[in-house]
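Structure record follows, encoded as structure tokens.
Values below: every heavy atom of this structure, side chains too, minus hydrogens, waters and symmetry copies. Along the sequence shown, residues are numbered consecutively beginning with 1.
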Amino acid sequence: MNEIMENIQRLGPVFAVVWGMTIASVLLHPQRFRNSILLMGALLVTMVFLSGFFGETAGPYFLLACFLLAVLALLLVPVLLILNGIQMIRRESICPAHLLSLGLGIVVGIGEIATVVYVLGLSDFIRLGDANPWVMLVSLTVFYFSFLVLSFVVYCVFIQIMPHRMNFNYIVIHGCGLAGGEKLSKLLSNRVDKAVEIYRKCASKPVIIPSGGRGSDEKLSEAQAMKDYLLSCGIPEESIVLEDRSTTTRENILFSKEIIESRSGGKKTALISSNYHIYRCLRLAREAGFKCIGIGANVAMYYWPSAIIREFVAIFVTKGFLIWALIGYLMFVSPALYSLVR
């Protein structure tokens, strides 16, 4: 046992290298999904590394406690998703977007029950017979996609707590729908408030670009509504440049990029959106060749789970991510597929 603890303590260099690679990748390419996997690996190495400092007796118990906490968290996930789905329906309305967390909670719950049945060997006890390989397939499927979602969620939180130097030349605010067609919604006002906060922290005051066009049910553009709000917060008009043509996140980025590139001087840019939306903004910015930093505004906790699920789905269906995710899935569930074919 002493030898095991000593070997764990020797993980110091591995611990440093893994975290170094993770942080470097996040800083250089924050929009890459591989950072999510790197971060999960770094957290795993950290737990193993820390266990070596608890001694021969307490070390294994530390690892066991971490494992049990992880299992408990996973078992609570479907319960929390279902409760969140019910809360979303009560506070917002019944629509496909608001049913995401409820539906996912039910699916994950079924998968976790299948996992418990398979892992504990209950499949023979309850006489599943030929259904046993199917139980294993469901278990592996839920575990795989749960891991992808969990990695995405952890990384979305991680990039929000990464420190940034407040020396921007431009601040782009991503628009969203107006309340009543003319006023800022709570979601949008939070984004503008975050932009004002960053503006005031910058020693050399940046240009703020409210980005958002006018929808068919809106009396004015989202950009104009944000400008009016910025003026009421004391931001000088000469520090505001409107981008009022865009109707999508991609257009927010492309049209704001055009404005910035048409002006002289420094180009260091901060993209401001809701915290759940930042990762996708950075991916679209990379595709557009737009160098920027993403900073998220807070949203109501009850709204966050459904929103983050929508963001993950939007990223998952992109061509490159979908291909690699499906290749990884087929490799991961290959034991179950082999059992079914055999």
Side-chain angles (χ1 to χ4, degrees), residues 88 91-98 168-202 205-263 265 267 269-282 284-285 288 290 292-300 302-304 306-307 310-311 314:
M88 278 291 292
R91 293 200 177 195
E92 302 289 335
S93 59
I94 298 179
C95 68
H98 296 161
F168 301 109
N169 305 112
Y170 295 92
I171 299 173
V172 177
I173 311 173
H174 285 266
C176 59
L178 299 177
E182 59 182 330
K183 295 182 180 179
L184 268 64
S185 63
K186 178 61 176 173
L187 202 64
L188 187 51
S189 64
N190 285 345
R191 297 180 185 184
V192 182
D193 287 339
K194 175 61 72 172
V196 172
E197 176 189 332
I198 295 170
Y199 176 89
R200 290 173 176 165
K201 288 181 178 179
C202 293
K205 299 308 178 188
V207 172
I208 299 179
I209 303 178
S211 178
R214 177 183 175 182
S216 58
D217 59 343
E218 294 174 339
K219 299 177 182 178
L220 71 166
S221 70
E222 296 164 9
Q224 184 61 52
M226 286 188 277
K227 178 180 179 179
D228 294 341
Y229 187 89
L230 288 167
L231 293 173
S232 71
C233 293
I235 304 299
E237 188 166 7
E238 59 269 22
S239 293
I240 305 172
V241 176
L242 294 187
E243 184 291 290
D244 56 4
R245 297 184 293 151
S246 58
T247 58
T248 64
T249 300
R250 187 183 299 275
E251 289 181 353
N252 286 148
I253 291 169
L254 291 174
F255 296 155
S256 298
K257 179 174 178 278
E258 286 181 9
I259 293 173
I260 293 171
E261 290 182 344
S262 68
R263 298 166 64 93
K267 309 294 184 184
T269 304
L271 294 183
I272 308 296
S273 189
S274 300
N275 50 23
Y276 63 82
H277 191 226
I278 286 299
Y279 180 79
R280 186 153 63 97
C281 289
L282 292 174
L284 292 172
F290 186 20
C292 54
I293 290 172
I295 300 177
N298 292 329
V299 298
Y302 78 88
Y303 189 86
W304 197 79
S306 291
R310 291 200 304 272
E311 291 300 302

| request: For the pair K194 (side chain) and S273 (backbone), establish whether a donor and an acceptor sit closer than 3.5 Å, ignoring hydrogens and angles. | output: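 Not at all, since once roles are kept as given, no pair shorter than 3.5 Å links the two residues.
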Sequence neighbours left out, what passes side-chain hydrogen bond (donor to acceptor under 3.5 Å, both in side chains) with [X]? Give chain and number order.
{"X": "D244", "value": "none"}
{"X": "T249", "value": "H277"}
{"X": "T247", "value": "E251"}
{"X": "E218", "value": "none"}

| said: List the residues meeting salt bridge (charged side-chain N to carboxylate O under 4.0 Å, His left out) with R214, not counting sequence neighbours, and say none if there are none. | reply: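 With neighbours one apart ignored, the set is empty.
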| What residues, two or more places apart in sequence or in another chain, satisfy salt bridge (charged side-chain N to carboxylate O under 4.0 Å, His left out) together with K201? |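 Here the qualifying residues are E197.
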How long is the span from the [atom1] atom in [X] to the [atom2] atom in [Y], to the nearest 0.5 Å?
{"X": "L242", "Y": "F255", "atom1": "CG", "atom2": "CZ", "result": "14.5 Å"}
{"X": "I240", "Y": "M226", "atom1": "CD1", "atom2": "CE", "result": "10.5 Å"}
{"X": "F168", "Y": "L271", "atom1": "CZ", "atom2": "CG", "result": "9.5 Å"}

Residue pairs involving [range] (criterion salt bridge (charged side-chain N to carboxylate O under 4.0 Å, His left out); sequence neighbours excluded):
{"range": "residues 177-193", "result": "E182-K219"}
{"range": "residues 254-263", "result": "R245-E258, K257-E261"}
{"range": "residues 220-231", "result": "K227-E237"}

Looking at every non-hydrogen atom in both residues, tell me the closest pair between [X] and [Y] and how far apart they are.
{"X": "V299", "Y": "N190", "result": "CA-ND2, 4.4 Å"}
{"X": "G177", "Y": "S185", "result": "O-OG, 3.4 Å"}
{"X": "A285", "Y": "I253", "result": "N-CD1, 3.7 Å"}
{"X": "L184", "Y": "S189", "result": "CD2-CA, 3.9 Å"}

Any [X] side-chain heavy atom under 4.5 Å of [Y] side chain:
{"X": "L187", "Y": "S274", "answer": "yes"}
{"X": "N252", "Y": "S246", "answer": "yes"}
{"X": "L230", "Y": "P210", "answer": "yes"}

| How far apart are the C-alpha atoms of S239 and I208, what are their side-chain angles, what is the distance that settles it, and do they pass the side-chain contact (heavy atoms from CB on, under 4.5 Å) test? | CA-CA 6 Å; S239 293; I208 299 179; 5.6 Å; no
Among all residues two or more places apart in sequence or in another chain, which pass the side chain to side chain contact (heavy atoms under 4.5 Å, CB included) test with [X]?
{"X": "N169", "answer": "K268"}
{"X": "C233", "answer": "V196, R200, Y229"}
{"X": "A195", "answer": "I171, I173, I272"}

| field | Result of checking I259, I209, V241 against Y170 for side-chain contact (heavy atoms from CB on, under 4.5 Å) | value |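 When side-chain contact (heavy atoms from CB on, under 4.5 Å) is applied between Y170 and each of I259, I209, V241, only I209 qualifies.
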